[in-house]
Amino acid sequence: ALPLARVVTGSHGAELTTGWRLASSADLQADDGARISRGDYDASSPSWLPLAHFPATVLAALSSNGSAPEPDFALPLYRGAALNGTNTSLFDAPWWYRAPVPRSA
């Protein structure tokens with residue numbers, strides 16, 4: 001079983017800060033939202049990538065775990081130069097974020 005998300009309680013409520021994984025819906029075609037949302041869903045397959053930190057955009061998550069190059073935001077965004085070297089087809093399909101939540105959260 002994957003480790004549970006860590007719950008950090010602060011002045012703004014509870015935050016789930018660790019234990020997150022993400023996967024492209026293109027890799028999970030046999031799974032729908034109802035199945036992925038179940039507590040007993042197995043997100044340990046290689047399609048589910050660990051997040052180094054949360055919250056994170058898909059690009060930030062993929063960059064932090066080495067699945068995509070780090071964008072160079074010093075380059076002009078309006079020309080798309082910051083994404084040079086990034087396989088933008090990764091973003092053609094929606095992505096799922098998932099973390100096993102402790103029952104007390």
Working to the nearest 0.5 Å, report the span between CG of L22 and CZ of R98. 13.0 Å
To the nearest 0.5 Å, atom OG of S25 lies from atom CG of D32 at 12.0 Å
So, Y97 side chain and A23 main chain: donor-acceptor pair closer than 3.5 Å or not? no
Can a donor-acceptor pair be found, under 3.5 Å and without considering hydrogens, that links the side chain of S37 to the backbone of A34? no
For the pair D27 and W48, evaluate side chain to side chain contact (heavy atoms under 4.5 Å, CB included) and give the outcome as yes or no after the intermediate values. CA-CA 9 Å; D27 296 334; W48 286 94; over 6 Å; no
If you look at every heavy atom in [X] and [Y], which pair is closest and at what distance?
{"X": "D31", "Y": "Y41", "value": "OD2-OH, 2.5 Å"}
{"X": "F91", "Y": "L59", "value": "CZ-CD1, 3.9 Å"}
{"X": "W95", "Y": "L90", "value": "NE1-O, 2.9 Å"}
{"X": "W20", "Y": "A99", "value": "CD2-CB, 3.5 Å"}
{"X": "R21", "Y": "P50", "value": "NH1-CB, 3.9 Å"}

Flag the pair L28 / S47 as yes when at least one side-chain heavy-atom distance between them is below 4.5 Å, and no otherwise. yes
